[in-house]
Amino acid sequence: MLACSLALTLAPGPLLADNGPQVACLPRPAVLPPMTADEKSWKKYPSLPLSTLSALIRRSKEGDEGAMEKIYEQYKRPLFSLAYRYTSDRLAAEDLLQDIFVKVFSHLGEVEKDETFVAWMYRIAINTCYSYLRSRRSREARSVSLSQIEGKREEAVTDRHEESLAGPVEEALRALPEKLRAVFVLHDVEGHTHEEIGQMLGFTVGTSKSQLFKARMRIRESLKEKGVL
Amino acid sequence: MKCATAQELISDYVDGVLSRESEAELKAHLEGCRDCRELARDFASIVQGARGLASYEPSAAVWPKIAAEVRAARPEAPAEVRERRSWLGAFWRPAGWVYAAAAAVMLAVVGGLVVLQKPWSTAPAVKAGSVEFTLAKLQEAQGYYEKAIRALSEAVQSREDKMDPRLAEVFSRNLAAMDETIQSCRQIIQRDPDNLTARAFLLTAYREKVNFLEELMGTGRSGAGDKSETTL
């Protein structure tokens with residue numbers, strides 16, 4: 001606790017931005033300040049106006065590559081970040097991002113209402129990530145590690161260094177089960193509402209809320225174990 | 001209010017979406033319950049921390065691959081759209097032979113892969129007993145190459161601005177062709193993870209990409225344009 005107080009005194013800035021290997025404490029306000037309207041409607045990636053998005057979808061359906069590229073540019077960062085939080089491997093996440101957008105543009109004709117496009121695209125992204133995890137698990141179960149063969153420690157493709165740089169919350173969220181991770185990333189990291197998450201994942205609002213509660217509890221446990229909370 | 005009920009409300013309270021009535025009831029509970037107060041504060045810290053997490057950016061090589069794949073799936077596209085969707089625009093025609101050569105190399109590699117897979121053959125590719133060892137070794141090597149490519153790609157990206165734009169575009173095309181080969185190999189491995197031949201081909205493709213990126217870094221150091229003839 002003393003270490004936490006010192007860290008707070010010496011580094012008054014946002015401690016989560018400090019991605020060094022040291023364990024920093026998360027700031028914990030004594031009294032919860034009320035959320036402002038801006039904070040309540042906060043979104044990490046503000047969406048396009050529906051009229052702009054509709055025009056891009058229509059042009060993309062006609063095969064206009066420029067419109068597709070604009071859609072890609074708009075959504076590449078949230079979807080890549082989502083994929084990266086499932087793979088912890090940049091190359092694999094880029095492969096997933098490619099798969100996701102190829103599926104999106106190949107099946108764009110299935111989008112009847114433009115206002116459902118974003119949820120539909122996220123659903124494709126999340127299912128692609130789940131499918132990647134399933135195939136990775138089955139691959140890992142089949143392959144034999146080098147340590148079993150010749151006593152060497154197998155080098156994981158996962159970039160542990162990059163993972164450790166990402167900070168304790170990032171590390172804790174990557175350890176969440178896949179569905180809890182999806183809800184936590186969509187709600188707490190990206191700022192989607194429970195209604196939007198419900199549309200993306202096929203949940204009710206109540207399920208989305210209870211999943212978020214479970215995810216936050218797991219992250220809390222993990223941060224407490226590490227002495228961050 | 002019981003703690004179980006309070007816990008159900010704390011998430012919404014932290015998110016600022018609780019009704020006034022429920023909020024007042026919860027606040028009254030929090031004043032007298034240290035555990036629930038701790039939980040609310042911890043959740044608030046987690047939410048604050050999550051909002052500050054990084055946003056990751058994919059490399060510039062991803063879009064050309066998506067565009068190529070979508071283009072390949074739409075052969076019936078009208079001529080004027082096909083014209084508009086060329087992502088390198090005017091550079092496409094003068095550098096057509098370069099891309100054709102790269103594509104030929106890619107086809108040769110993928111074609112070789114299909115032939116060496118020998119789907120018609122029933123004989124095992126390697127003797128029983130050594131398959132697992134070889135597979136593990138190949139996976140290990142693949143991990144090393146992926147790391148090398150990641151590091152080199154980041155280094156190349158940091159130099160892209162300083163490169164001759166024409167040279168940069170030719171490199172992009174060659175890289176896209178190599179990535180397509182890698183992608184084809186990975187797709188085969190995804191379907192058949194124990195396919196040693198496919199894994200060996202993937203390593204060859206990775207090695208080619210590492211060599212290419214290393215050469216590109218060398219070109220960046222010695223001055224753009226000087227080595228373009230030998231590279232191509």
Side-chain angles (χ1 to χ4, degrees), chain A residues 14 16-17 26-29 32 34-35 39-40 42 44 62-66 68-69 72 76-78 80-81 84 89-91 93-95 97-98 101-102 105-106 135 139 142-146 149 154-157 159 166-167 169-170 173 184 188-189 191 209 212-213 216 219-220 223 229, chain B residues 7-8 10-17 39-59 61-63 65-67 69-71 73-74 77-78 81-82 84-87 132-133 135-137 139-140 142-144 146-147 149-150 153 183 186 190 193-194:
Chain A
L16 282 170
L26 290 177
R28 294 167 77 233
L32 287 184
M35 270 208 175
E39 282 173 333
K40 282 182 198 173
W42 173 85
K44 196 173 191 84
E62 291 165 2
D64 182 339
E65 213 169 88
M68 291 183 208
E69 191 170 359
Y72 170 77
K76 67 178 181 183
R77 283 196 306 143
F80 179 68
S81 299
Y84 188 46
D89 176 334
R90 279 193 160 268
L91 283 175
E94 288 191 352
D95 283 351
L97 187 70
Q98 186 182 340
F101 275 102
V102 168
F105 293 130
S106 309
S135 81
R139 208 165 51 239
R142 270 204 308 271
S143 66
V144 179
S145 73
L146 283 181
I149 296 168
E154 189 168 4
E155 187 80 16
V157 174
D159 195 330
V169 176
E170 182 77 55
L173 90 80
F184 185 81
D188 283 2
V189 180
K209 283 187 177 186
L212 180 65
F213 178 78
R216 285 174 173 175
I219 287 183
R220 182 185 189 226
L223 295 180
L229 272 179
Chain B
Q7 284 190 1
E8 283 174 18
I10 282 173
S11 256
D12 276 353
Y13 171 58
V14 166
D15 294 331
V17 294
L39 181 66
R41 267 195 267 164
D42 289 349
F43 273 14
S45 302
I46 290 168
V47 170
Q48 195 186 334
R51 287 187 176 193
L53 290 183
S55 177
Y56 300 101
E57 180 92 20
S59 78
V62 179
W63 171 250
K65 288 188 272 182
I66 295 170
E69 213 168 321
V70 172
R71 206 178 296 147
R74 297 171 70 106
V81 173
R82 209 175 294 143
R84 202 163 56 220
R85 74 196 176 192
S86 172
W87 67 284
E132 286 170 344
F133 174 80
L135 196 58
K137 281 289 189 189
Q139 274 181 336
E140 183 189 33
Q142 186 178 330
Y144 288 131
E146 283 173 347
K147 279 189 176 174
I149 287 170
R150 193 180 311 149
S153 299
Q183 185 66 16
R186 291 178 76 150
Q190 208 168 13
D194 300 339

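As the structure is a prediction and not an experimental result, all values here were calculated from the model.
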- Message: Assess the residue pair B:Ile46 and A:Arg220 against the criterion (side-chain contact (heavy atoms from CB on, under 4.5 Å)); give the C-alpha distance rounded to whole Å, side-chain angles, the decisive distance to 0.1 Å, and a yes or no.
- Response: CA-CA 7 Å; B:Ile46 290 168; A:Arg220 182 185 189 226; 3.8 Å; yes

- Task: Mind running side-chain contact (heavy atoms from CB on, under 4.5 Å) on A:Lys44 and B:Arg51 for me, showing each step along the way?
- Result: CA-CA 8 Å; A:Lys44 196 173 191 84; B:Arg51 287 187 176 193; over 6 Å; no

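Summarising the geometry of A:Val102 relative to B:Val70, their closest heavy-atom pair is CA-CG2, 4.3 Å, with the distance given to 0.1 Å. Scanning both residues, A:Leu97 and B:Ile66, for their nearest heavy atoms gives O-CD1, 4.3 Å. Nearest approach of A:Glu94 to B:Ser59, heavy atoms of both residues: OE2-N, 2.8 Å. Minimum heavy-atom separation, A:Lys209 to B:Asp12: NZ-OD2, 2.9 Å. Smallest separation of non-hydrogen atoms from A:Phe213 and B:Gln7: CE1-O, 3.3 Å.
Taking CG from B:Asp42 and CG from A:Leu223, the interatomic distance works out to 8.5 Å, rounded to the nearest 0.5 Å.
Heavy-atom distances place both the backbone and the side chain of B:Leu39 under 4.5 Å from chain A.
For an aromatic pair to be called close, the ring centres must be under 6.0 Å apart, and A:Phe80 with B:Tyr56 fails this.
In this structure a side-chain-to-backbone donor-acceptor pair under 3.5 Å is missing from A:Glu69 to B:Trp63.
Taking the side chain as every heavy atom from C-beta outward, B:Arg186 and A:Asp95 approach each other to under 4.5 Å. Put simply, the side chain of A:Asp188 does not reach to within 4.5 Å of the side chain of B:Leu53, judged on heavy atoms. Contact check for A:Leu212 versus B:Asp15: side-chain heavy atoms found under the 4.5 Å cut-off.
The candidate from B:Gln183, B:Glu57, B:Glu69, B:Glu8 with the greatest count of non-hydrogen atom pairs under 4.5 Å with chain A is B:Glu57. Of all the listed residues (A:Phe101, A:Tyr72, A:Phe105), the one sharing the greatest number of non-hydrogen pairs under 4.5 Å with chain B is A:Tyr72. Highest contact tally toward chain A, considering only B:Ser11, B:Pro58, B:Gly16, is held by B:Pro58 [criterion: heavy-atom pairs under 4.5 Å].
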